[in-house]
Amino acid sequence: MSTAGDTQGLAPSKDNQKSAKLSLDGKDFDLPVYEGTVGPDVIDITRLYGDTGNFTYDPGFTSTASCESKITYIDGEKGLLLYRGYPIAELAENGNFLETCHLLLYGELPTKAQQEDFNERVTMHTMVHEQMTRFFTGFRRDAHPMAIMVGVVGALSAFYHDSTDINDPVQRDIAAIRMIAKMPTIAAMAYKYSVGQPFMYPRNDLDYAANFLHMCFGVPCDRYEPDSVFAEAMDNIFILHADHEQNASTSTVRLAGSSGANPFGCISAGIACLWGPAHGGANEAALRMLEEIGSADRIPEFIKRAKDKDDPFRLMGFGHRVYKNYDPRAKIMQKNCHEVLQAIGADRDPTLKVALELEKIALEDEYFVDRKLYPNIDFYSGITLRALGFPTSMFTVLFAVARTVGWIAQWKEMIEDPEQRIGRPRQLYTGPDERPYVPMKDRG
Ligand code: SDX
């Protein structure tokens with residue numbers, strides 16, 4: 001298997017394959033097994049249906065690799081997250097978000113010249129077509145900003161016909177740069193619209209995170225200089241949320257893109273999926289839960305509900321499909337959280353106190369320990385974002401701004417994968433067998 005960053009094709013190397021034996025209806029089938037750079041091997045079942053007449057069955061895809069990728073790797077047992085091989089903590093502590101964008105998109109950390117060129121290209125695409133401002137007036141002022149994001153980002157495809165030919169690598173690259181550059185502008189516009197303030201144009205003299213804070217919290221009648229602690233925390237939040245293997249929203253973007261749909265529409269589909277409370281909507285849900293708990297003495301009541309199978313309540317910000325020890329992003333997010341709260345003199349924020357007490361209790365409770373349910377990134381990101389001044393309804397929007405580079409990098413990799421074809425899962429059908437139509441008069 002080629003190593004991360006190689007330009008060779010994505011097709012698995014066939015020369016070092018092992019094989020798995022399947023015995024079915026008295027016949028034996030050899031299925032090729034491929035090894036990755038790290039992580040679990042995969043059993044190639046592409047010929048299973050043709051050879052055996054059987055499908056596999058894996059709701060939620062807990063044991064299914066949907067693709068080969070060189071971008072991000074998670075080891076849930078070790079609490080490890082690598083972007084193109086680099087540990088997330090090292091990128092967050094030493095780099096910045098646009099450096100991470102270059103790494104995720106092109107496979108390597110940029111040289112100084114490459115970084116300057118990339119920053120310039122992104123900066124030159126931060127404005128949106130002036131007519132896009134009219135989309136906002138069609139929404140109610142109290143519309144959820146994620147609803148606005150789904151609509152307005154999807155509408156980008158109506159404005160950029162010169163970058164929707166997905167088979168042209170130059171247009172794919174322009175579309176990627178445009179998405180990374182314009183998401184903060186559209187997100188800030190959604191926020192401004194919700195608070196009835198005028199939109200703020202991007203400023204080319206500010207870096208990505210500081211510019212986003214300017215567009216959100218600046219006003220035309222005053223000069224806004226983003227607090228450096230806040231800008232650093234914002235940049236870190238973007239890095240931590242940038243990509244995460246084949247999670248639900250990334251898989252949505254890949255599936256939409258596999259039909260040849262334009263990249264803007266695919267990202268809009270990813271935003272819609274991320275909105276779900278089990279996925280990117282968890283930071284908003286986690287903060288609402290902490291506020292509902294209100295004080296440490298009510299925590300046992302909520303822990304009891306989380307364990308009750310008859311109660312749909314889940315502890316928001318806990319658990320993860322892949323991380324079964326600790327979400328490495330949560331550790332960095334917790335540090336960010338304390339720094340921001342200290343900066344605003346609220347390091348004993350009552351919600352943070354409830355969060356820390358809930359974390360302590362849950363990490364000692366056998367239900368959570370037995371099921372390896374640990375705080376994930378959403379547990380602390382909500383508190384941090386509130387401290388930065390964002391309303392709860394904007395939390396998932398910020399997640400979408402960060403995840404756009406992951407979505408577009410994965411979309412680009414899928415388009416360039418020689419093995420890619422339209423995604424079309426099959427099913428186990430348990431509905432009625434064929435039966436004749438019953439005219440209305442005979443239906444009793
Ligand atoms: C994100 O995929 C990604 O990479 C996502 C993400 C990314 O960066 O893209 O990391 C971002 O989405 C993080 C997750 C945010 N969601 C939440 O915080 C919502 C609360 N968490 C749960 O909804 C849940 O943990 C999931 C959805 C995250 C994972 O669901 P799974 O895979 O079904 O959970 P599991 O198989 O590990 O559950 C094992 C057991 C089950 O109970 P039993 O059937 O064994 O008795 O733990 C229970 C679950 O019911 N459980 C919980 C729980 N999470 C799982 N019980 C109480 N509270 C919880 N939070």
Side-chain angles (χ1 to χ4, degrees), residues 92 97 142-149 184 187-188 190-197 209-210 212-219 224 226-241 274-277 279-296 298-299 302 314-318 327 329-359 362 375-403:
F97 180 62
D142 62 352
H144 194 291
M146 281 297 275
I148 296 176
M149 293 298 289
Y191 170 61
K192 284 302 201 187
Y193 186 73
S194 73
V195 295
Q197 289 184 358
F212 178 62
L213 293 175
H214 148 73
M215 292 189 286
C216 287
F217 301 121
V219 288
Y224 173 84
D227 178 297
S228 58
V229 172
F230 285 19
E232 174 69 19
M234 192 76 256
D235 195 77
N236 249 345
I237 288 171
F238 287 149
I239 293 173
L240 295 174
H241 288 81
L274 186 75
W275 194 3
H279 187 14
N283 51 19
E284 176 178 351
L287 198 84
R288 293 195 197 285
M289 175 192 75
L290 290 170
E291 288 168 343
E292 187 187 350
I293 294 172
S295 62
R298 291 196 65 202
I299 290 175
F302 284 83
R314 287 284 175 273
L315 222 44
M316 290 290 111
F318 278 77
D327 183 338
R329 305 169 297 176
K331 278 199 176 93
I332 303 166
M333 203 65 250
Q334 185 189 32
K335 180 170 167 286
N336 269 346
C337 185
H338 284 285
E339 284 166 0
V340 170
L341 291 173
Q342 205 132 29
I344 62 171
D347 55 348
R348 297 321 299 160
D349 174 304
T351 308
L352 176 69
K353 285 169 76 173
V354 172
L356 292 174
E357 187 60 20
L358 175 61
E359 181 186 28
N376 56 43
I377 188 165
D378 300 289
F379 185 69
Y380 284 103
S381 61
I383 304 163
T384 309
L385 293 172
R386 191 180 67 157
L388 290 175
F390 291 102
T392 309
S393 60
M394 278 293 290
F395 290 1
T396 312
V397 173
L398 303 185
F399 194 154
V401 170
R403 187 53 57 89

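Keep in mind that this is a model prediction, so the values were computed, not measured. One is the number of the first residue; the rest follow in order along the sequence.
Gln197 pairs by the side-chain contact (heavy atoms from CB on, under 4.5 Å) definition with Lys192, Val195, Val219, not counting sequence neighbours. Asn236 meets the side chain to side chain donor-acceptor pair (under 3.5 Å) test with Asn336; sequence neighbours excluded. Applying the ring pair (Phe, Tyr, Trp, His ring centres under 6.0 Å) criterion to His214, with sequence neighbours excluded, gives no partner residue. Residues passing the side chain to side chain donor-acceptor pair (under 3.5 Å) test with His279, sequence neighbours excluded: Asn247, Ser249. By the side chain to side chain donor-acceptor pair (under 3.5 Å) test, Arg314 is found to be paired with no residue, residues two or more places apart in sequence or in another chain being considered. For Arg386, the salt bridge (Lys or Arg N to Asp or Glu O under 4.0 Å) partners two or more places apart in sequence, or in a different chain, are Glu291, Asp349. The side-chain contact (heavy atoms from CB on, under 4.5 Å) check on Ala400 picks up Met183, Ile271, Leu274, Trp407, with sequence neighbours excluded. With sequence neighbours left out, the salt bridge (Lys or Arg N to Asp or Glu O under 4.0 Å) criterion links Asp235 to no other residue. Taking Ala285 as the reference, Met316 meet the side-chain contact (heavy atoms from CB on, under 4.5 Å) condition, with sequence neighbours excluded. With sequence neighbours excluded, the residues forming a salt bridge (Lys or Arg N to Asp or Glu O under 4.0 Å) with Glu339 are Lys335, listed by chain and number. For Ser228, the side-chain contact (heavy atoms from CB on, under 4.5 Å) criterion is met by no residue, not counting sequence neighbours.
Side-chain atoms of Asp327 come within 3.5 Å of backbone atoms of Ile377 as a donor-acceptor pair (strictly under, hydrogens ignored).
Between Glu284 and Met289, the closest side-chain pair of non-hydrogen atoms is not below 4.5 Å.
Leu388 CG to Met234 CE: the interatomic distance, rounded to the nearest 0.5 Å, is 6.5 Å. Atom SG of Cys337 is separated from atom CD1 of Ile237 by 9.0 Å, given to the nearest 0.5 angstrom. In this structure, the separation between CE on Met149 and CH2 on Trp275 is 11.5 Å, given to the nearest 0.5 Å.
Relative orientation of the Phe318 and Phe379 rings is perpendicular, given thresholds of 30° and 60° on the angle between their planes. Classified by interplanar angle (parallel below 30°, tilted 30° to 60°, perpendicular above 60°), the ring pair Phe97/Phe238 is tilted.
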In residues 390-399, what donor-acceptor pairs under 3.5 Å come from side-chain atoms, sequence neighbours left out?
residue	atom	partner	partner atom	Å
Thr396	OG1	Gly280	O	3.2
Thr396	OG1	Asn283	OD1	3.4

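Between Ala355 and Ile383, the closest heavy-atom pair is CB-CD1, 3.6 Å. Counting all heavy atoms, side chain and backbone alike, Ala330 lies closest to Pro375 at CB-O, 3.6 Å. Ala188 and Phe212 get closest at one heavy-atom pair: N-CE1, 4.0 Å. The shortest heavy-atom contact between Gly294 and Val354 is O-CG2, 3.6 Å.
With Tyr380 as the fixed residue, the side chain to side chain donor-acceptor pair (under 3.5 Å) test singles out one of Arg329, Glu359, His338: Glu359.
In this structure, Lys353 does not pair ionically with Glu357, as no charged nitrogen and carboxylate oxygen lie closer than 4.0 Å.
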